[in-house]
**Student:** 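Let me begin by handing over the structure; questions about it come next.
All values derive from a computational prediction rather than experimental measurement. In listed order, ligands and their atoms are each counted from 1.
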Amino acid sequence: MKRYLFTPGPTPVPPEVLAAVGAPVVHHRSPDFLPVYERVLTRLREVCRTENDVLLFGASGTGAFESAVANLVSPGDPHLVVSAGNFGERWVSMLTAYGAEVDVLRYPWGATPDAGDLRTRLGERAAKAVWLVQSETSTGVVADVQALAAAAKEAGALVVVDAVSSLGAVPCETDAWGLDVVVAGSQKALMCPPGLGLAAVSEEAFAALGSSPRFYFDWERTRKAQRTLDALFTPPVSLVAGLDVALGLLLDEGLEAAFERHVRLGRAARAGVKALGLDLFSPDEDRSAVVTAVRAPSGVDSGDVVKGVRDRFGITIANGQGEYKGKIFRLGHIGWFDVFDITTQIAAVELVLADLGADVERGVAVTAALEAFAAAPSPA
Ligand code: PLP
């Protein structure tokens, strides 16, 4: 059976990238690798829209995020996490594990964090850093990081952003928005296999390093080594070669064009879902361009939808996480996606829901998705 990967990470990888990943392994201190390494580090700065160093690790997104915690946190430091879903909660746990005094501006899953709330909270209790999730992949909400970061900066806090599922899909203006740390992973909108994590780090963050123990993830040593292309440890050279090609594809398309494509993919997914007569869980707004979260119709377990599209059509979509497991399913649309990846998902969901006896509108969703994609004007 033909297989389709439609989750919000890992995501499909273009054949050119797979070919680069599958090329013979080269030595990481040889001229076979150094130009590739240099290009990737340069391209990452372009994608993150920063003049600062982007530190690259053989790690998942969580690993790169842990580098931020290990480098910025001293036990007992006050930190504030803005949490509205699974990943916000993960960062609460991680900061707590490092001994930070963690305050949490907590919202129900599916809510959109508000800069006014953040301003108020920081007025009540100062924080060394504010930890934000740009795209909360568990709910489909993309936060207004620019506004949240401005509120944090006003209060003199550093800003750390989990952009794991958003970098390359929606705008993330690291320098222009004053983001001190932006963390991402290779396996989402960057169109690579899993295994590379990155952290763009500002001078202000480097000036505020904490005392937690660290070795593999030590930022200062990593930055120094990267500046002479002299990696501290053996990098996953094959993944770096793949990332080089993937970032080339993204920059050839153009970041703005990629952002617009993601807006249109999100519109298509939401139009298809609504035409089926289903309720969205993620917001019905253009910023929600990473993953579309959908409530399973009453009486249907979303796990059965996920299983159904997999068993019948070889399609992998995502179940809800945490308390929403069984209640919502999530259609991914970041990275190497076009509108037919949306219509394929929508059509499969329609067939499986009909099979499960759900009351869905038949025969209109694919057209609605195609029209929403085609009609979409440029985002504001
Ligand atoms: N943060 C967000 C928003 C994510 O979507 C993910 C991945 O699912 C992570 C963090 C964790 O990344 P990884 O699974 O690469 O550790």
**Student:** Please identify which atoms of ligand 1 are closer than 4.0 Å to at least one heavy atom of Thr137.
**Tutor:**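 Listed by number with element, the hits are 2 (C), 3 (C), 4 (C), 5 (O).
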**Student:** Would the distance check show the side chain of Ser74 and the main-chain N or O of Ser211 forming a donor-acceptor pair, the cut-off being under 3.5 Å?
**Tutor:**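 Side chain of Ser74 to backbone of Ser211, a donor-acceptor pair under 3.5 Å: yes, one is there.
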**Student:** Any atoms of ligand 1 less than 4.0 Å from a non-hydrogen atom of Trp91? List them with their elements.
**Tutor:**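 Result: 1 (N), 10 (C).
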**Student:** With Phe337 as reference, evaluate His262, Met191, Gln345 under the side-chain contact (heavy atoms from CB on, under 4.5 Å) test and give the passing residue.
**Tutor:**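 The residue from His262, Met191, Gln345 that satisfies side-chain contact (heavy atoms from CB on, under 4.5 Å) with Phe337 turns out to be Gln345.
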**Student:** Any idea which part of Thr62 is under 4.0 Å from ligand 1, heavy-atom wise: side chain, backbone, both or neither?
**Tutor:**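 Near ligand 1, Thr62 shows its backbone as well as its side chain.
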**Student:** Is a salt bridge present between Asp230 and Lys224, judged by a nitrogen-to-oxygen distance below 4.0 Å?
**Tutor:**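 Salt bridge absent between Asp230 and Lys224.
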**Student:** Which ligand 1 atoms does Ser60 reach within 4.0 Å, using its non-hydrogen atoms?
**Tutor:**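 Taking each heavy atom of Ser60 in turn, ligand 1 has 13 (P), 15 (O), 16 (O) under 4.0 Å.
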**Student:** Salt bridge check: are Glu260 and Arg267 linked by an N-O gap of less than 4.0 Å?
**Tutor:**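 Salt bridge absent between Glu260 and Arg267.
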**Student:** Please determine which of Leu179, Val47, Val145, Val161 meets the side-chain contact (heavy atoms from CB on, under 4.5 Å) test together with Thr174.
**Tutor:**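 Between Thr174 and the candidates, side-chain contact (heavy atoms from CB on, under 4.5 Å) is satisfied uniquely by Leu179.
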**Student:** Nearest protein heavy-atom contact for atom 9 (C) of ligand 1: which residue, which atom, what distance?
**Tutor:**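 Of the protein heavy atoms, Phe87 CE2, 3.4 Å lies nearest.
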**Student:** Check Val291, Ile346, Thr7 against Leu331 for a side-chain contact (heavy atoms from CB on, under 4.5 Å) and give me the one that passes.
**Tutor:**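 So the option named by the test is Ile346.
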**Student:** Under 3.5 Å between any N/O of Ser135 and any N/O of ligand 1: does that happen in this structure?
**Tutor:**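 No; every N/O pair is 3.5 Å or more apart.
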**Student:** With atom 15 (O) of ligand 1 as the reference point, say which of Gln187, Arg90, Glu66, Gln134 has the nearest heavy atom.
**Tutor:**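 Nearest heavy atom to atom 15 (O) of ligand 1 lies in Gln187.
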**Student:** In the protein, which heavy atom is nearest to atom 1 (N) of ligand 1, and how far is it?
**Tutor:**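 Nearest neighbour among protein heavy atoms for atom 1 (N) of ligand 1, to 0.1 Å: Asp162 OD2, 2.6 Å.
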**Student:** Could you tell me the residue and atom name of the protein heavy atom closest to atom 8 (O) of ligand 1, and the distance to it rounded to 0.1 Å?
**Tutor:**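 Protein heavy atom with the smallest distance to atom 8 (O) of ligand 1: Lys188 NZ, 2.8 Å.
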**Student:** Check this for me - ligand 1, Gly61, N or O atoms closer than 3.5 angstrom, yes or no?
**Tutor:**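 Right, the criterion is met.
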**Student:** For Phe65 and Trp131, run ring-ring contact (aromatic ring centres under 6.0 Å, His included): C-alpha distance rounded to whole Å, both residues' side-chain angles, the deciding distance at 0.1 Å, then the answer.
**Tutor:** CA-CA 10 Å; Phe65 203 92; Trp131 303 71; 5.6 Å; yes
